[in-house]
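What you are looking at is a predicted structure, and each value in this text was computed from that prediction instead of being measured.
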Amino acid sequence: MIIRKLIVRGDSYQRTLKFSKGLNIISGEKTSGKSLVLSLIDYCLGKSGSISLKVQTELDENVDSIFLEIKIGEELVTISRNIKKGISVFWVYHSEFENIDEYIPVKFDKKSLQSFLMDHLGAMEFTKTKNKARTKKLITETISFRDLYRYCFIHQHELGTHSFLSHNEPMKRYKNPISFEMIFDLIDFSQNNLQTEIAKTQNQIEDNKKRKENLEGYLEQRGNSNFVDLINQIDQLTSQIEELQKRKKGIVQRQNKNEEITKSNRDYVLLSEEIRELEQAIQLSKKNISDTEFGIASNKVLLNDYHIEMEDIKTTEEINYKLRINEHELTCPLCNSKIKNNFHEEKIEKQSKDNFKSILKDIEAKISMVEGVIKTSRNKISELETQISRKKRKRDILMLALNEFSKDVQIPFLPELNSINVNINNYDKDREILLESKRVFNKIDELIKKIETDEDKLKKLKEQLKNMEEKGQRKDKIIKELNKKYLINMKKMKYTDKSGAFIDTEKYIPYYKNASVYEHESGGLLECMQLSYLNAILSNKEAIFHPKILLLDSISKYFGTNENLEIAAEEKIKDPEVYLNIFYMLKTLSEKAQIIVVENTPPTEMLDFVKYTFRSGANGFIDQRNNEFFLNNPID
């Protein structure tokens with residue numbers, strides 16, 4: 001995963017921060033918004049809760065939505081999340097930020113966003129069974145992207161403290177060993193888990209193929225199945241609209257020279273403009289109704305397929321479990337006596353029944369979802385029809401007023417202006433229809449990529465099923481390599497005593513002098529252990545499911561390079577060389593992973609890697625001098 005851009009946007013403010021693949025440093029004064037950058041990245045990637053707008057007053061005044069453009073695998077996607085309302089919804093566009101208007105976004109909640117990110121990392125979520133608090137019941141919990149992300153973003157309150165990897169939160173820390181194993185593909189997925197995931201992935205591929213066929217049918221009905229012809233038509237209409245707008249501007253300029261004409265014309269033009277906007281709104285609503293009806297038809301076809309699939313599965317289940325082999329008597333070939341048939345094994349039967357229940361439950365959920373979409377679409381059509389009726393009544397009343405008013409108005413340029421406005425309006429409507437087809441083409445491309453990703457995942461899952469025995473041997477080798485790198489890193493930070501310095505093979509946490517990262521008290525030592533440990537993980541080629549990004553906030557607080565009265569003197573490492581060595585270590589690591597560091601005053605040797613410098617007050621992260629809505633050349 002590579003973070004390419006962070007965009008904050010409101011009605012009248014927009015600012016874009018761009019990041020490179022390697023080392024990125026954000027410097028500046030306290031309370032200037034440096035840490036907010038990392039928090040907003042975290043927010044777009046699924047952090048629970050909201051942004052504290054009482055504290056972030058500039059953000060509250062200027063911004064409504066956050067956009068995060070990332071490259072994950074081979075695909076560019078933009079994730080959007082609001083900060084004031086609807087904060088539980090994530091919108092994902094399969095494009096870079098500049099082109100999102102040409103794409104149809106996909107709506108996710110936090111759980112489905114995590115699954116989306118895991119799929120694109122090529123990783124498989126892990127479902128763990130645990131006891132429900134204060135009961136004997138068992139519940140399941142999924143370990144997913146947010147658990148891996150603890151190894152990516154280290155907040156300033158975690159760095160150099162016992163809160164590292166959320167150790168102070170019992171509901172998260174117990175997942176860390178599992179997350180570590182997921183990063184290195186060491187999870188011991190059962191054969192049944194893998195088969196269930198294979199079935200789920202196969203179903204996703206088939207569903208997306210059907211959706212692709214439906215969208216291609218939509219383009220065929222519209223007569224827009226040729227992409228090159230479609231783009232040419234859009235370009236032609238755009239040129240015609242621009243030419244008409246140029247003519248209209250010239251007429252208006254000539255008209256404005258005559259004050260009498262301008263004065264008498266103003267009310268008439270305003271009335272005509274309002275009628276034109278109403279007509280445009282009516283046509284747009286009619287188009288929405290048409291598109292929604294097409295969507296209902298497509299979903300009905302899908303619903304019918306699901307019902308057929310359910311009947312097939314129920315029939316298969318009946319054959320398997322009603323015609324039971326063990327209920328048939330067998331005859332001994334020697335003595336011709338009847339013997340008991342013990343062929344059927346209860347464990348196999350129960351496992352298979354559970355599989356059928358899981359598949360049926362999945363299909364029932366899909367049927368329920370599609371029925372809900374159809375119901376919502378019908379309600380939408382009803383609302384649109386009501387809106388059209390109201391707009392038509394208003395338009396008819398305004399038309400009567402316009403006809404009476406025009407009897408007393410003699411304006412030389414009015415007929416020509418009206419003609420141009422009508423043509424612009426018609427061309428606009430035609431272009432919007434074509435642009436909608438372009439969005440459908442982009443959606444088809446998105447589905448093709450998704451199918452290819454799932455087919456690749458399916459292939460890997462089948463390989464994983466064959467190679468389940470090899471993980472124990474891999475683990476020993478990985479831990480050995482991690483320990484070697486961990487010791488090298490600690491030595492760079494002048495901790496040369498190798499005794500009792502290792503990464504535990506069960507808890508997967510770092511130790512120094514036989515005390516864990518959660519037992520030492522010195523904040524400086526803790527930070528060195530944590531950074532050495534994270535560096536060892538990210539630089540290891542076997543960490544195939546780590547997103548390979550590292551976000552660090554305020555490295556210097558335990559190194560005495562910036563005055564921090566909250567940190568006791570004995571916890572600090574007053575050695576500028578160690579502090580500089582950390583940055584050199586990060587610079588080397590940035591060849592294998594993307595690094596974003598927030599630091600008040602980074603070492604002068606690292607100034608080439610400083611992307612942004614914020615000042616407190618008006619020149620911080622929210623800076624009107626960098627408002628892209630008003631400036632062509634923002635100040636970086």
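- Judged by distance alone, the side chains of E599 and S556 do bring a donor and an acceptor atom under 3.5 Å apart.
- To the nearest 0.5 Å, atoms NZ (K107) and OG (S80) are separated by 12.5 Å.
- Summarising the geometry, atom CD1 belonging to I359 is positioned 12.0 Å from atom CD belonging to E364; distances are rounded to the nearest 0.5 Å.
- For Y486 and F502, the ring centers are positioned 6.0 Å apart or more.
- Taking a cutoff of 4.0 Å between a charged side-chain nitrogen and a carboxylate oxygen, R146 and D42 qualify as a salt bridge.
- Here the CG atom belonging to L76 is positioned 13.5 Å from the CZ atom belonging to F97, to the nearest 0.5 angstrom.
- Every residue two or more places apart in sequence or in another chain that forms a salt bridge (Lys or Arg N to Asp or Glu O under 4.0 Å) with D207 is listed here: K366.
- Side-chain contact of Y174 with E169: a donor-acceptor pair under 3.5 Å is absent, judged by distance alone.
- Using cut-offs of 30° and 60° on the angle between ring planes, the pair Y512 and Y495 is perpendicular.
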Tell me which donor-acceptor pairs under 3.5 Å the side chains of residues 525-535 have, and how far apart each pair is, sequence neighbours excluded?
from, atom 1, to, atom 2, distance (Å)
Q530, OE1, G160, N, 2.8
Q530, NE2, T161, O, 3.1
S532, OG, C528, O, 2.7
Y533, OH, Y508, O, 2.5
N535, OD1, N489, ND2, 3.0

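- E141 and K175 are joined by a salt bridge, as a carboxylate oxygen and a charged side-chain nitrogen come within less than 4.0 angstrom of each other.
- Surrounding NZ of K5 are more than 12 heavy atoms belonging to other residues, nucleotides or ligands, all under 6.0 Å away.
- Here the CD atom belonging to E75 is positioned 9.5 Å from the OG atom belonging to S95, to the nearest 0.5 angstrom.
- Between H155 and Y149, the ring centre distance reaches or exceeds 6.0 Å.
- Aromatic rings from H94 and Y103 are positioned such that their centres are separated by 6.0 Å or more.
- Classification of K84 and D64 as a salt-bridged pair holds, one side-chain N sitting under 4.0 Å from a carboxylate O.
- Judged as a ring-ring contact (aromatic ring centres under 6.0 Å, His included), and not counting sequence neighbours, H520 has no contacts.
- Ring pair F184/F180 is tilted by interplanar angle, where 30° to 60° counts as tilted.
- Crowding of K111 atom NZ: a count of heavy atoms from other residues, nucleotides or ligands under 6.0 Å not exceeding 12.
- Judged by distance alone, the side chains of S616 and K30 never bring a donor and an acceptor atom under 3.5 Å apart.
- Note that the CG atom of L159 and the CD1 atom of I555 stand 7.0 Å from one another [nearest 0.5 Å].
- There is a side-chain donor-acceptor pair under 3.5 Å between S144 and E125.
- In summary, the side chains of S112 and D109 do present a donor paired with an acceptor at a separation below 3.5 Å, with no hydrogens or angles considered.
- Ion pair R615/D623 not flagged as a salt bridge, since none of the NZ, NE, NH1 or NH2 atoms sits closer than 4.0 Å to an Asp/Glu carboxylate oxygen.
- Atoms OG and CD1, from S50 and I87 in turn, are 4.5 Å apart once rounded to the nearest 0.5 Å.
- K110 NZ: more than 12 foreign heavy atoms inside a 6.0 Å radius.
- When V610, V598, N600 are each tested for a side-chain contact (heavy atoms from CB on, under 4.5 Å) with S27, only one passes: V610.
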